[in-house]
Amino acid sequence: MATSVRAAADGTPPPAPPPPPASRKPTPTPARTTWRSRLYRWDLKATPYAFVAPFFLCFAAFGLFPLIYTGWLSLHRVELGGEAEWRGFDNYTGLWDSDFFWNALANTFTIGVISTVPQLLMALGLAHLLNYKLRGRGFFRVAVLAPYATSIAAATLVFAQLFNSDYGLINTMLGWVGFEPVSWESSRWPAQIAISVIVTWRWTGYNALIYLAAMQAVPQDLYEAASLDGASRWRQFISITIPSIRPTILFTIVVSTIGATQLFGEPMLFGGSLGVSGGSGNQFQTLSLLMYEKGWVTGALGQASAIAWVMLLLLLLIGGLRLVAGRVNRRKSGA
């Protein structure tokens, strides 16, 4: 009290009162983890894996295991009903020295080229026509997909009758214009052309719808600006449509090439009783047909497995080329 009176007399403010003692707050005890909270955390973590587990289980059972087992068989000499005998890479070296393998590889390449290139070009043009506002556009879009929905067996049998050397409609029409009948089944190039026609007829509409979906994603402002600049429809197609759907074109090239590498049903049914061997002179035998013949006709499962792995390596090579082409395309687009 005297200090405050003296401070008031001197004109100085009184000192601040001392702060009250700090009160200690009780530390909260951690709540007990109940079984419901643990179950909830496990549910959040495990539910996504439970949803995707069926796919990985099916893939492991029907995809990964057959792949590994086929690779194991390719290193052995295995016959139907017999014991596996270790041979190392003898099956692969045997393929390297086999004329049948190189013939099947060449046939697979030629049939793939003469079926894939016209198919994709026709699909691109067909999609460009369907992209315009036409009457009955929905009907035409469904109609182009009808060949894809048709059974391979039904389509191949119909085309086998059309390309029949004796009474086929194709030879009849060629005779009307003065050409000699063509041996579509026994000659090398006519047989491959006939098989390519079947493949092209069946897959053109499917690829056309893929191209059509990509074309509809192209901004219409680009076409309007090109029209104002006086660009024709062909120039718009070359300068706008093709560059805009280039990734889709690369995708269809890869998928069609993979399908051509695995071509089996069309040449098998086209050749009839000689379909497994690809004709009387193996003139249209593909790698898939050779693999089937080695595995289920001659019973050499080891050689058939080696052919399967060679086809896998070819598909991986095609996929690698697709990645390289995609990176080059992105670099050009960025530049």
Side-chain angles (χ1 to χ4, degrees), residues 108-150 152 155 193 195-263 265-266 311 314-335:
T108 303
F109 176 77
T110 54
I111 294 176
V113 170
I114 61 181
S115 63
T116 300
V117 175
Q119 172 194 151
L120 296 182
L121 291 178
M122 293 171 58
L124 195 60
L126 189 60
H128 183 61
L129 293 176
L130 293 176
N131 196 28
Y132 289 112
K133 295 182 179 179
L134 303 174
R135 289 187 177 181
R137 183 171 53 178
F139 169 77
F140 289 115
R141 291 178 180 178
V142 175
V144 297
L145 197 61
Y148 172 72
T150 306
I152 297 178
I193 292 174
I195 295 172
S196 301
V197 169
I198 303 173
V199 177
T200 302
W201 175 84
R202 189 166 184 268
W203 290 97
T204 299
Y206 176 81
N207 290 311
L209 290 185
I210 294 178
Y211 288 150
L212 179 60
M215 290 179 183
Q216 290 181 343
V218 179
Q220 294 296 322
D221 298 341
L222 299 177
Y223 294 104
E224 294 176 359
S227 299
L228 293 176
D229 292 338
S232 62
R233 287 187 174 181
W234 174 252
R235 175 52 59 185
Q236 295 177 21
F237 178 72
I238 296 297
S239 302
I240 299 177
T241 305
I242 297 297
S244 299
I245 66 171
R246 189 176 298 166
T248 306
I249 295 176
L250 291 176
F251 168 76
T252 54
I253 290 175
V254 173
V255 172
S256 300
T257 306
I258 292 174
T261 305
Q262 300 174 343
L263 192 63
E266 289 84 351
M311 294 174 61
L314 289 176
L315 296 180
L316 292 177
L317 178 61
I318 294 171
L321 294 176
R322 161 69 178 87
L323 291 177
V324 172
R327 290 182 179 179
V328 173
N329 183 29
R330 287 192 294 268
R331 288 179 181 178
K332 290 183 178 179
S333 300

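Quick note: residue numbers are just sequence positions, from 1. The structure displayed is predicted, hence computed values, not measured ones.
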> With a 4.5 Å heavy-atom cut-off, do Y223 and T241 have their side chains touching?
Replying inline: yes
>> Could you report the tightest heavy-atom contact between R202 and P147, atom names first, then the distance?
In response: CG-O, 3.6 Å
> Step by step, would you call L124 with I245 a side chain to side chain contact (heavy atoms under 4.5 Å, CB included)?
Replying inline: CA-CA 10 Å; L124 195 60; I245 66 171; 3.7 Å; yes
> Where do Q236 and S227 come nearest, in terms of heavy atoms and distance?
Replying inline: NE2-OG, 3.0 Å
> E266 side chain to I152 main-chain N or O, any donor-acceptor pair under 3.5 Å?
Replying inline: no
> How long is the span from the OG1 atom in T248 to the CG atom in L212, to the nearest 0.5 Å?
Replying inline: 11.5 Å
> Between S244 and P247, which heavy-atom pair has the shortest distance, and what is it?
Replying inline: O-CD, 4.1 Å
> In a check of side chain to side chain contact (heavy atoms under 4.5 Å, CB included) between L126 and each of L121, V144, N131, which one passes?
Replying inline: V144
> Say you draw a straight line from CG of L314 to CD1 of I258; how long is it, rounded to the nearest 0.5 Å?
Replying inline: 11.0 Å
> Do W201 and T150 come close enough that some side-chain heavy atom pair is under 4.5 Å?
Replying inline: yes
> For the atom pair OG1 (T252) and CH2 (W203), what is the distance rounded to the nearest 0.5 Å?
Replying inline: 12.5 Å
>> Within the 4.5 Å heavy-atom criterion, are F237 and M215 side-chain neighbours or not?
In response: yes
> Is the count of non-hydrogen atoms from other residues, nucleotides or ligands lying under 6.0 Å from F140 atom CZ greater than 12?
Replying inline: no
> Counting only heavy atoms not in Y132, do more than 12 fall under 6.0 Å of its OH?
Replying inline: yes
> Can you check side chain to side chain contact (heavy atoms under 4.5 Å, CB included) on L263 and I195, steps first, answer last?
Replying inline: CA-CA 10 Å; L263 192 63; I195 295 172; 4.1 Å; yes
> What heavy-atom pair brings Q119 and S115 nearest, and what distance separates the two atoms?
Replying inline: CB-O, 2.9 Å
>> Could you report the tightest heavy-atom contact between T261 and T108, atom names first, then the distance?
In response: CA-CG2, 3.8 Å
> Would a 4.5 Å heavy-atom cut-off, applied to side chains only, mark Y211 and I249 as touching?
Replying inline: yes
